[in-house]
Amino acid sequence: MSPLIALVPVVLRRLGTALLQLLAVATLVFAMLFLLPGDPVMILLGQDSNPTPEAVAALREKLGLDRPIAVQYLDWLGGVLRGDFGRSLANDYPVAQYIAQTLPRTLELAVAAILVAVVIGLPVGIAAALRRGTLADSLLTSATTLGISVPVYILGALLILIFAQGLNWLPASGYTDLSRNALEHFRKLVLPAVTLGLGLAASIARMTRASMLEILGRDFVRTLRAKGMGETQIIWQHVLRSAAIPIVTIVGLQLGNLLGGTVLVEALFNWPGLATMLVKAVGDRDYPMVQGAILTIAAAFILINLAVELIYSLLDPRIRRRRQ
């Protein structure tokens, strides 16, 4: 049976689980408005301003809070299924439009950071594993420890000082639309992507080293060597494939985490992504915007985890057989 055909039951089962998870997240996001302390209408109007009963009633009607909670939930959920997250309380602009504008920017930053991490972390981890116990291994391991330990805002500030202000090679911050100036767009993407990617590269390097050392110690590797197979062929065709599952795990999980964890970097480099919009919406008490942003990030995280699990099944037939 083809591996892709064998994946169909796994895909259907995981899609059902993902839909249930999305429904649970959507319910929690909706309930957030009612779980917060205080009356959301009074918070929005400002309790110290002594709003008139007419103003309170008008805003309550605008938000739909004058209807039963079950009706509000079903109406909101129906809108979400249609891609309608309501309108911003700040300027009455559709929340879905804000998400459509900012989500691609955060996705671009996260994917660029993952590419930086893989390009740096994978070779470093392989080199450290193949030179276990040597000075090179100690230096590379120490470098990965340092990479994990340095907070992103400190690393970002150092990169700005070196490459933007010191060497004047790259812009310190800002965003340029790709359609206006592609070169300037990617120049402004480099520093935030490297800032996010270096810490993740350290994690990937450590995971790659540990996974490869575990695989290199197995019997089948000694058997391949005894049969005369070249070391390069053993590493690239057998060891790396067997060690790929934990590496894929950390890459997939970190990509999901980056979608919501880019707040500091987006703020530091003035990158107008979804995380920045979410922080601003929380400060403005823009509940429809907060609900839409949180639900979008959660949905992306669930879908990424689904994709990672399917990649597991392609990489390791044993996992596919267990889940059929």
Side-chain angles (χ1 to χ4, degrees), residues 102-129 139-167 169-176 178 182-212 240 243-276 297 300-301 304-305 307-308 311:
T102 56
L103 178 60
R105 299 168 187 167
T106 295
L107 284 174
E108 180 185 20
L109 179 55
V111 171
I114 289 289
L115 290 176
V116 170
V118 171
V119 168
I120 296 174
L122 200 60
V124 169
I126 294 172
L139 292 175
L140 291 174
T141 304
S142 299
T144 59
T145 303
L146 181 63
I148 294 174
S149 304
V150 178
V152 291
Y153 57 88
I154 293 179
L155 179 59
L158 288 174
L159 292 178
I160 291 173
L161 287 174
I162 295 171
F163 293 101
Q165 298 182 0
L167 299 175
W169 288 355
L170 296 166
S173 64
Y175 176 84
T176 299
L178 182 64
L183 178 60
E184 191 65 17
H185 174 85
F186 287 113
R187 290 183 73 241
K188 291 181 178 178
L189 176 64
V190 171
L191 286 184
V194 171
T195 300
L196 276 176
L198 283 180
L200 179 55
S203 299
I204 291 176
R206 293 172 71 90
M207 180 62 72
T208 302
R209 179 183 181 277
S211 299
M212 286 197 60
L240 268 180
I245 291 180
I247 299 171
V248 171
T249 302
I250 193 170
V251 170
L253 291 177
Q254 289 298 329
L255 178 57
N257 290 333
L258 285 175
L259 294 179
T262 59
V263 176
L264 291 175
V265 173
E266 287 186 2
L268 181 63
F269 291 96
N270 195 24
W271 188 268
L274 181 62
T276 302
I297 292 173
F301 189 83
I304 289 170
N305 285 340
V308 170
I311 293 173

Engineer: side-chain contact (heavy atoms from CB on, under 4.5 Å), that's the test. Do W169 and V190 meet it? Break it down for me.
Structural biologist: CA-CA 11 Å; W169 288 355; V190 171; over 6 Å; no

Engineer: Counting N and O atoms only, with roles assigned by atom type, does the side chain of R209 sit under 3.5 Å from a partner on the main chain of A127, one being a donor and the other an acceptor?
Structural biologist: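 Looks like no, no N/O pair under 3.5 Å.
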
Engineer: Please round to the nearest 0.5 Å and tell me the distance separating atom CG of L264 and atom OH of Y153.
Structural biologist: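 Here the interatomic distance stands at 8.0 Å.
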
Engineer: So how far is it from T141 OG1 to L146 CG, rounded to the nearest 0.5 Å?
Structural biologist: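 Rounded to the nearest 0.5 Å, the OG1-CG separation comes out at 12.5 Å.
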
Engineer: Can you tell if the side chain of F186 reaches within under 4.5 Å of the side chain of L178, non-hydrogen atoms only?
Structural biologist: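 SC-SC contact between F186 and L178 confirmed.
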
Engineer: Quick one: closest heavy-atom pair of A129 and M212, and the distance?
Structural biologist: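 That closest heavy-atom pairing would be CB-CB, 3.8 Å.
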
Engineer: Could you tell me the separation between the CG atom of L198 and the CG atom of L158, rounded to the nearest 0.5 Å?
Structural biologist: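 CG of L158 is found 11.0 Å from CG of L198.
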
Engineer: On a heavy-atom basis, which atom in S173 and which in N270 lie closest, and how many Å separate them?
Structural biologist: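 Smallest interatomic distance, heavy atoms only, reads CB-CB, 4.2 Å.
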
Engineer: Any idea which heavy atoms bring L191 and P171 closest together, and the distance?
Structural biologist: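 What the structure gives for the nearest pair is CD1-O, 3.5 Å.
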
Engineer: Would you say the side chains of E266 and T276 form a donor-acceptor pair under 3.5 Å?
Structural biologist: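 Side-chain D/A pair, E266 to T276: present.
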
Engineer: Can you name the closest pair of heavy atoms from A275 and T262 and give their distance?
Structural biologist: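 So the minimum-distance heavy-atom pair works out to CB-OG1, 3.4 Å.
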
Engineer: Quick one: side chain to side chain donor-acceptor pair (under 3.5 Å) partners of T145, sequence neighbours excluded?
Structural biologist: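 Counting only residues at least two positions away or on another chain, T145 forms a side chain to side chain donor-acceptor pair (under 3.5 Å) with R206.
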
Engineer: Going by heavy atoms in the side chains, are L189 and W271 under 4.5 Å from each other?
Structural biologist: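 Yes, their side chains come closer than 4.5 Å.
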
Engineer: State whether the side chain of S211 and the backbone N or O of T208 hold a donor-acceptor pair below 3.5 Å, judged by distance alone.
Structural biologist: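 Side chain of S211 to backbone of T208, a donor-acceptor pair under 3.5 Å: no, none is there.
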
Engineer: How many angstroms lie between atom CD1 of I154 and atom CG of L268, to the nearest 0.5 angstrom?
Structural biologist: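 So the gap between those two atoms works out to 11.0 Å.
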
Engineer: Under 3.5 Å, sequence neighbours excluded: what are the donor-acceptor pairs made by side chains of residues 107-115?
Structural biologist:
| residue | atom | partner | partner atom | Å |
| --- | --- | --- | --- | --- |
| E108 | OE1 | H185 | NE2 | 3.1 |
| E108 | OE2 | H185 | NE2 | 2.6 |

Engineer: For the CE atom of M207 and the CD1 atom of I204, what is their distance to the nearest 0.5 Å?
Structural biologist: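 One finds 9.5 Å between CE of M207 and CD1 of I204.
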
Engineer: Give the C-alpha distance, both sets of side-chain angles, the deciding distance and a yes or no for side-chain contact (heavy atoms from CB on, under 4.5 Å) between I160 and Q165.
Structural biologist: CA-CA 6 Å; I160 291 173; Q165 298 182 0; 4.2 Å; yes

Engineer: Grab the two heavy atoms, one from T144 and one from A205, that are nearest each other, plus how far apart they are.
Structural biologist: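 The pair with the smallest heavy-atom distance is CG2-CB, 3.6 Å.
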
Engineer: Does any N or O in the side chain of T106 come within less than 3.5 Å of the main-chain N or O of L274, such that one atom is a donor and the other an acceptor?
Structural biologist: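 Side chain of T106 to backbone of L274: a pair is present.
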
